Structures are given as C-alpha cells and as structure tokens.
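One structure is given below, encoded as structure tokens.
The first residue in the sequence is number 1, and the count goes up from there. Everything numeric here is computed off the predicted structure, so don't read it as measured data.
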Amino acid sequence: MESSKSSASSASATSWGQERLLKWTSNIPEKQLMIILALLIGFFASVAAFVLHRLIHLIQSLLTSKFSESSANLLYLVFPVIGIWLTMVFVRYVVKDNISHGITRILYAISSRKSRLKGHNCWTSVIASAITIGFGGSVGAEAPIVLTGSAIGSNLGRYFRFDNKKLMLLVGSGAAAAIAGIFKAPMAGLVFTFEVLMVDLSMASLLPILTASVTATCFTYIFMGSDALFTFQLDSEWQLRTLLPAILLGIASGLVSLYFIRTMAVCERVFSRFSERRYLRLALGGSLLSLLIFLFPALYGEGYTALNILLNGKNEGDWGQMLNNSLFYGHGNMLLWYVALVVLTKVLATSATNGSGGVGGTFAPSLFVGGFSGFLFARLWNIQQFGPVVSEKNFTLLGMAGVMAGVMHAPLTGIFLIAEITGGYQLFIPLIVVSVAAVITISLFEPHSIYAIRLARQGKLLTHHVDHSVLTLMSLDSIIEEEYTAVPPEMPLGRLVHVISQSRADFIPVVNPANHLLGEIDVTQMRHVMFRTELYGRFTASDVMTPIAATLTMGDPMTEVMEKFETVNASNLPVVDVDGTLKGYISRARTFNMYRKIVADYSAE
C-alpha cells in the first residue's frame with residue numbers, strides 16, 4: 001500500500017513538474033523551442049555515443065589484450081558465444097522487448113506517422129550492443145546508437161506533447177545527431193536523415209537537424225579528442241586517367257552490395273525458423289560466428305582496426321599485420337586470399353551475430369566489406385596491369401563509400417561520411433563517381449535499401465513520393481466502419497424488407513452464424529420486389545443477394561485498397577479477417593476525404 005502511495009505521489013510530482021515546464025516554455029516561439037530541443041538531443045546523443053565506444057573498447061581490451069599475435073587464439077571460439085548469451089539474457093530479462101533492427105524500427109515509427117519510440121530505447125541498445133560487439137560480435141554500433149538518438153528525440157517530443165509532425169522531426173534530429181556523434185561527421189548525419197530515414201528537406205526541418213548534428217559533433221570532440229575514427233593521409237592525388245577503374249570499382253561495389261543484402265536476407269530467413277528455440281539459435285549462430293572469427297580475426301567486432309591497417313599500410317609488411325592472431329600469421333603470400341575470404345564471410349558473421357541473439361547494425365559491416373573490396377579490386381587491377389596503377393589506399397577508401405552507399409541506397413551519405421571521417425575531401429570527385437555508380441548498379445536488382453526492404457515488402461514504407469507517402473500514412477484501422485446491419489441467408493424476404501426500412505445503408509451484408517461474409521444485398525436493386533407482398537414468403541435473403549465484387553483484409557496496404565476501388569468501381573468494400581469473418585466496411589467517399597485531409601496536412605509547413 002505504501003509503495004502504491006509512493007508511486008502515485010511520484011507520478012503526481014512528475015506531472016506537476018511537466019505542467020510547470022510546459023507553461024514556462026509556452027512563451028518561447030515554436031521554432032526557437034525546436035532549436036533548444038535539438039541542442040539537448042545533440043548533447044545526449046554524443047554522451048550515448050561516447051559511452052558506447054568506451055564500453056566496447058573496455059570490454060575488448062580486457063578480453064584480447066594478452067592474445068598472441070603469432071598464433072591463433074582458441075578463446076576466439078568462446079568469447080563471441082558468451083557475449084551473445086549475455087546479450088540474450090539482458091534483452092529477455094531486463095529489456096523484455098525486441099531491440100534488433102534499430103534503423104528499421106525508426107523507419108516504421110516514421111512511416112506509421114506516430115514517431116513514438118519507447119523510453120527504454122534511450123539506453124538499452126547501448127548496453128546490449130556494447131556487450132555483443134565487445135565480446136566479438138561482428139556487427140556495428142551505429143544502428144543501436146541511431147535508435148538511441150531517435151528515441152531521445154521521440155521521448156523529448158512526447159514530454160512536450162508535440163504533434164506527430166514535430167515528433168518526426170525530433171526523431172530525425174536524434175538520428176542525425178547519433179551519426180554525427182559516433183563518426184564526428186555532421187554533414188553525414190544530416191544527409192543520412194534525408195536519404196535513409198526520408199525526412200523531407202525544408203528550412204523548417206533543416207535547422208533543427210543541422211543544429212543537433214553540429215552539437216553532437218562538438219561534444220564528441222570534447223569527450224574523445226580530435227582524432228578521426230579512421231586515420232588517412234593522401235599519398236597520391238586522384239588523376240583523371242584513373243576514372244575508368246573508379247567507375248568499375250563503383251559497379252563492383254554495387255554487386256558486392258547486392259551480395260550483402262541478399263545474403264543477409266537469406267540468413268535472416270534461416271534464423272527466423274528457430275525464433276522460438278533461443279538456445280538452438282544461439283548454438284548454431286554462435287558456433288558459426290566463433291569459427292569464422294577464429295579463422296579470420298579481422299571479423300572480431302566492428303573491424304575498424306583492420307580497416308585502418310589497409311588505409312595506412314604502405315608495403316607488404318604493414319598490410320601483413322592483418323594476419324596477426326590467426327592461422328595465416330607469417331604467410332604474407334596469402335594476403336589476397338585472406339582479404340577475399342573476409343569479404344565473403346563478413347556478411348555471414350554479421351548475420352550469425354544478429355540471428356543468434358546479438359544486437360548490432362549493418363552500418364559498420366558495410367564499411368568494412370567496402371574497404372576490403374576496394375583494396376582487393378585495386379590489388380588485382382595493379383597485378384593484372386589493366387591500366388594505370390591505382391592507389392590501393394585510395395581505393396580502400398572509395399570502396400568503403402561505394403558499398404555503404406549501395407547497401408543503404410544513399411550516395412550522399414557514402415560520399416560525405418567517408419570524406420568527413422577520413423579527411424579525404426581531396427578524393428571528393430572519385431567518391432561521387434564510385435558512390436553513384438554503386439547505387440545505379442544495385443538499383444537495377446534491388447529497389448530498396450537494407451533498412452527499408454522489410455517495410456517495403458509490407459507496404460509500410462514512407463518515401464519522398466508524396467502520393468505514395470500519403471497512402472502509407474493512411475491505414476484501414478482509421479477509416480473502417482464497424483457498425484453495420486447484417487442478416488442471415490435464411491431470413492424471409494418480408495423480414496428483410498423490414499430490416500431495409502430501418503437501415504440507412506445502400507447495402508446489407510449476408511453472413512452465416514460464424515459471421516462469415518456470404519454476399520450482399522444491394523438495396524437500390526430491390527425496388528422491383530420490395531412492394532410485392534405475395535413474394536415475401538417465397539424468397540429469402542440468399543435468393544436476392546449478389547456476390548461480393550472484392551474484399552479487403554486488415555493487412556492490406558492502402559495502395560491496394562485504392563486499386564480495388566478503381567477496379568470494381570464500388571462505393572463500399574467489405575473488410576474481412578484471414579478466415580473470412582466480416583470486420584466492417586470501407587467507404588470510398590470516406591477514404592478519399594481522409595486522403596485529401598492527409599495531403600493537406602502533409603504539404604503544410
């Protein structure tokens with residue numbers, strides 16, 4: 001009883017404090033308030049990024065600092081499984097919610113026009129991904145930190161009782177701040193929000209998002225110093241004569257991106273078969289991950305150490321460091337085979353990490369695969385002497401941009417992120433060439449990014465196409481009319497005429513005892529029998545009903561609903577569940593009224 005009173009008192013105090021704050025901020029103009037909140041979001045996102053990086057580094061240092069460089073380390077077979085098991089325990093008993101596929105969750109929150117993310121998302125992804133990656137999970141920290149930043153924005157907006165449109169903007173600001181904070185790349189955070197999360201670009205949205213990005217970047221510099229995530233020094237400037245290999249690298253990056261997305265999808269389907277058997281899933285995925293890391297230690301964690309070796313190496317001795325801690329140590333002649341196998345197996349390692357219960361994203365793996373692919377392409381190009389010699393360091397950098405742009409379908413994000421995190425603005429032109437060529441190539445085979453593909457298949461994806469976006473924002477739940485008058489098929493005509501006289505509808509559904517829809521009675525076509533009383537005892541509802549032209553189900557996307565209205569030219573369509581039970585009706589007039597209202601709201605600034 002005392003605990004209950006204490007809880008109620010705490011809630012009352014919180015509500016009182018919230019009301020006072022809302023009253024105080026009511027005097028601040030809306031645009032200025034959004035900027036202030038963007039500053040707060042940027043600060044908290046940078047703190048989250050700092051904490052996540054520190055936790056990952058701390059765990060990795062404790063586990064691997066004493067590993068031998070000249071031989072394979074058997075503990076690589078153990079640590080990843082332990083990390084995923086600890087993550088599973090944390091998610092199941094502490095979080096008690098699904099926190100995987102962070103960016104997909106943000107896209108769904110925006111597409112559903114709710115932009116509401118749970119309060120625990122402000123911290124749970126940080127803890128879970130730190131455990132997963134620190135123990136060797138071959139995933140990235142970016143998706144979890146983006147979910148964290150977006151959740152901070154969403155919950156701040158809900159605290160201030162903002163409408164859905166402002167909530168969406170704060171969610172985008174949180175995502176931008178997270179990317180800017182973790183990479184020290186404000187422009188990348190900005191374009192990521194517009195390209196990947198598909199928040200519309202306007203002056204009203206530009207200022208808060210840019211403010212959050214710059215704030216997060218500045219505080220990250222304060223917390224972590226001025227060093228870039230990747231160290232890169234330009235040894236040879238880009239020359240026009242290397243344009244052809246840059247274009248070919250872009251095409252190759254697009255094909256690698258396709259392999260990345262398709263392999264991830266296949267692995268995801270395989271692991272989904274064991275969704276209810278957690279420990280079998282852990283055994284399968286954990287065993288595969290541990291074996292791959294044992295063979296190729298570069299797959300351990302995010303893999304940024306190996307990428308830095310490729311970006312800074314100048315000779316075979318430098319690049320040979322990548323073979324440390326493995327069975328390949330001392331076999332420099334196997335470097336190309338090692339790099340090629342790592343490109344192929346990184347996707348499997350990432351899928352095994354997430355599929356077996358780990359928490360992490362595909363952002364870092366796409367950078368990793370891209371860097372290794374770029375190095376492999378350049379080395380093969382130079383060995384075969386197809387044309388002018390290219391810089392293997394530069395092409396490592398270009399490959400990072402190409403594959404990431406292809407996987408995300410976001411060329412600007414690839415260009416600006418790589419330029420910012422490496423200081424490689426001198427390579428801006430080839431970055432554009434490679435990123436655009438990669439996106440064009442993968443778009444021929446896969447129209448959606450790795451984050452959007454799940455929602456696109458369900459018709460729940462918001463896009464920059466206004467008409468499609470408006471239909472995505474609509475839902476059957478908001479326009480279904482569940483009040484209707486139904487009759488059984490055996491009802492006599494005389495009784496049916498009485499029901500029609502009491503109804504205002506132009507149609508009467510005919511259902512069986514289980515409420516399964518059998519047909520409809522069109523009231524407008526009943527005039528020739530309604531006044532012939534001699535027929536009242538001879539006919540029943542089943543005799544005068546007509547077949548259903550088309551039905552809808554609760555999961556149908558609104559694009560399909562509109563197409564059915566056009567195809568059958570009906571004024572109303574019935575909605576049934578999977579077993580044919582009638583749930584209600586959708587009115588054509590109400591649907592189009594809702595469409596016009598959302599168009600007006602969507603277009604307003």
Open item on the list: Within the 4.5 Å heavy-atom criterion, are Ser213 and Met187 side-chain neighbours or not?
Closed with: no
- [ ] Among Val171, Leu40, Leu167, find the residue that satisfies the side-chain contact (heavy atoms from CB on, under 4.5 Å) test when tested with Leu156.
- [x] Leu40
TODO: Determine, using ring centers only, whether Phe192 and Phe183 are less than 6.0 Å apart.
DONE: no
Open item on the list: Please verify the inter-ring angle class for Phe428 with Phe416; under 30° counts as parallel, over 60° as perpendicular, anything in between as tilted.
Closed with: perpendicular
Task: Heavy-atom side-chain contact between His409 and Ser257 under 4.5 Å - done: no
Open item on the list: Once you measure the plane-to-plane angle for Phe50 and Phe223, does it fall in the parallel (<30°), tilted (30-60°) or perpendicular (>60°) bin?
Closed with: tilted
Sequence neighbours left out, cut at 3.5 Å: what donor-acceptor pairs do the side chains of residues 240-249 make with other protein atoms?
residue: Arg241; atom: NE; partner: Gln239; partner atom: OE1; Å: 2.5
residue: Arg241; atom: NH2; partner: Gln239; partner atom: OE1; Å: 3.1
residue: Thr242; atom: OG1; partner: Trp238; partner atom: NE1; Å: 2.9
residue: Thr242; atom: OG1; partner: Gln239; partner atom: O; Å: 2.6

TODO: Measure the spacing between CG of Asn155 and CG of Asn121 and express it to the nearest 0.5 Å.
DONE: 8.0 Å
TODO: Could you tell me whether a side-chain N or O of Gln321 sits under 3.5 Å from a main-chain N or O of Ile309, the two making a donor and an acceptor?
DONE: no
TODO: Give a yes-or-no answer on whether the side chains of Thr148 and Ser125 include a donor-acceptor pair shorter than 3.5 Å.
DONE: no
Open item on the list: A side-chain contact here means heavy atoms from C-beta on lying under 4.5 Å apart; do Phe375 and Met322 qualify?
Closed with: no
- [ ] Could you tell me whether a side-chain N or O of Ser366 sits under 3.5 Å from a main-chain N or O of Phe363, the two making a donor and an acceptor?
- [x] yes
Task: Check: Glu142 and Glu302 side chains under 4.5 Å, non-hydrogen atoms - done: yes
Task: Sidechain-backbone polar pair: Tyr159 side chain, Ser154 backbone, donor-acceptor under 3.5 Å - done: no
Task: Parallel, tilted or perpendicular: ring planes of Phe395 versus Phe377, cut at 30 and 60 degrees - done: parallel
Open item on the list: What's the separation between atom CG in Leu398 and atom OG in Ser253, rounded to the nearest 0.5 Å?
Closed with: 8.5 Å
Task: Side-chain touch Trp123/Val51, heavy atoms, less than 4.5 angstrom - done: no
Identify each donor-acceptor pair in which a side-chain atom of residues 435-443 lies under 3.5 Å from a protein atom, sequence neighbours left out, and give them as a table.
residue: Ser435; atom: OG; partner: Leu431; partner atom: O; Å: 2.9
residue: Thr441; atom: OG1; partner: Ala437; partner atom: O; Å: 2.7
residue: Ser443; atom: OG; partner: Val439; partner atom: O; Å: 2.6

Task: Atom CD1 of Ile429 with >12 non-hydrogen neighbours under 6.0 angstrom - done: no
